[in-house]
Novice: 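Can you keep this structure in mind? I'll have questions shortly.
Just so you know, ligand 1 is whichever comes first in the structure, and atom 1 is the first atom listed for that ligand. What's counted below: heavy atoms across the whole structure, side chains too, no hydrogens, waters or symmetry copies.
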Amino acid sequence: MKKILVIGSLNMDIVIKVENMPLTGETILGRDIQYIPGGKGANQSYSAGCLKGDVTMLGCVGQDEFGEAILNNLDQAGVTINQMKRSTDYPTGTAVIYVNEAGDNSIVVVPGANGQCNSAYLKENDSLFIESDYVLLQMEIPAEAVFYAIRRAKQLGKTVILNPAPAPEAIPEDILNYIDYITPNEIELARLTNTSCDKLDDIIYASFSLVERGVQNVLVTLGERGALLVNDNGTEHYKAVKTDKIVDTTAAGDCFNGAFVTALAEGKSEKEAVLFANTAASISISRAGAQRSIPSREETDRLLEVKFNYS
Ligand code: RIB
């Protein structure tokens, strides 16, 4: 089992169930409010931990109850958190999430302490870069920290996975050359390439444009249409694992990323890793909440065996 380093955000999710999303200028009544540990970085570490990856996380929370609760949750999932930063000046990041009846969500993040996950802090923890084999990042911490981490990880010969969420306006051209896997959804891919990504052909075209610019592999998560892997060898479309009920899609992409890196770190092939990630993500959407929805290794292996006849 190789070592995974996740660098990213930690938020307390304030999840409000609504019948329909509020329109601009509209006041609506919510049905229920819950506080659930989240943040894309924390969700991806949590997913890797639950799926039995050897995972360490770097990120920053405040000296408050939310921060404490999120760190405890990660610890319980087996994520190594002993180099996590605690800010005295900023509160833990929070996200307000509306989830409608179809399980779709709208999210507003207030980064708070996540803004303190900067390159100076990452430099202090260089030994974790050296020890790791896979470095997984998202874009909810300062961009300068993400780009520093990618350059440093590549200098050390590590495998770099970037989940470009939320999608930045631009990624420096040299950074594209250092990314082994970029894992956008269609919306993020459209923003990154400045093209429309409505149809599968558009998505393939946009993905190839990133490959031409230097990214090794573009792995697009397509929700109920599965996932698409595009690289120099061509394209491979993996169907989604069907679920009977969609309750909440929050963190499905995070679950996918954590599962994908765990499978690679175990030595699974790319194809096996995508099937494993699709399977874990399909379980996560049948449950409410971010980290609360992420399945165990046993559940994922069981479903993998039922659907694909292997574990
Ligand atoms: O990807 C889902 C996550 O996005 C939520 O947990 C929320 O905190 C935001 O970071």
Novice: Assess Ser9 for proximity to ligand 1: is some non-hydrogen atom of it under 4.0 Å away?
Specialist: no
Novice: Which ligand 1 atoms are under 4.0 Å away from a heavy-atom of Glu140?
Specialist: 4 (O), 9 (C), 10 (O)
Novice: Which atoms from ligand 1 have a heavy atom of Ala290 less than 4.0 Å away?
Specialist: 6 (O)
Novice: Using a strict cut-off of 4.0 Å, indicate which atoms of ligand 1 neighbour a heavy atom of Ala95.
Specialist: 7 (C), 8 (O)
Novice: Would you check if there is a donor-acceptor pair between the side chains of Asp64 and Thr92 at a distance under 3.5 Å?
Specialist: yes
Novice: Number the atoms of ligand 1 from 1 as they appear, then name those within less than 4.0 Å of a heavy atom of Lys40, with their elements.
Specialist: 1 (O), 2 (C), 3 (C), 4 (O), 10 (O)
Novice: Find all atoms of ligand 1 within a distance of less than 4.0 Å from any non-hydrogen atom belonging to Gly38, and give their numbers and elements.
Specialist: 6 (O), 8 (O)
Novice: For ligand 1, which atoms sit closer than 4.0 Å to a heavy atom of Asp13?
Specialist: 5 (C), 6 (O), 7 (C), 8 (O)
Novice: Could you tell me the separation between the NZ atom of Lys271 and the CG atom of Leu229, rounded to the nearest 0.5 Å?
Specialist: 12.0 Å
Novice: Report the nearest protein non-hydrogen atom to atom 3 (C) of ligand 1: residue, atom name, distance rounded to 0.1 Å.
Specialist: Asn43 ND2, 3.7 Å
Novice: Before signing off on this row, confirm whether Val109 and ligand 1 have an N or O atom pair separated by under 3.5 Å.
Specialist: no
Novice: Should Met84 and Leu10 count as side-chain neighbours, where that means a heavy-atom distance under 4.5 Å?
Specialist: yes
Novice: Hey, what's the ring geometry for Phe260 with Tyr181, parallel, tilted or perpendicular (30° and 60° as the breaks)?
Specialist: perpendicular
Novice: Before you tell me yes or no, could you show the steps for Arg297 and Glu266 under salt bridge (Lys or Arg N to Asp or Glu O under 4.0 Å), namely the whole-Å CA-CA distance, both residues' side-chain angles and the distance that decides it to 0.1 Å?
Specialist: CA-CA 13 Å; Arg297 179 65 190 238; Glu266 280 177 9; 2.5 Å; yes
Novice: Determine the sole option in Asn73, Asp13, Thr250 for which the side chain to side chain donor-acceptor pair (under 3.5 Å) test with Gln291 is passed.
Specialist: Asn73
Novice: Closer than 4.0 Å to some heavy atom of Asp254 - which atoms of ligand 1 meet that?
Specialist: 1 (O), 2 (C), 3 (C)
Novice: State, with a plain yes or no, whether a side-chain heavy atom of Tyr148 is found less than 4.5 Å away from one of Asn118.
Specialist: no
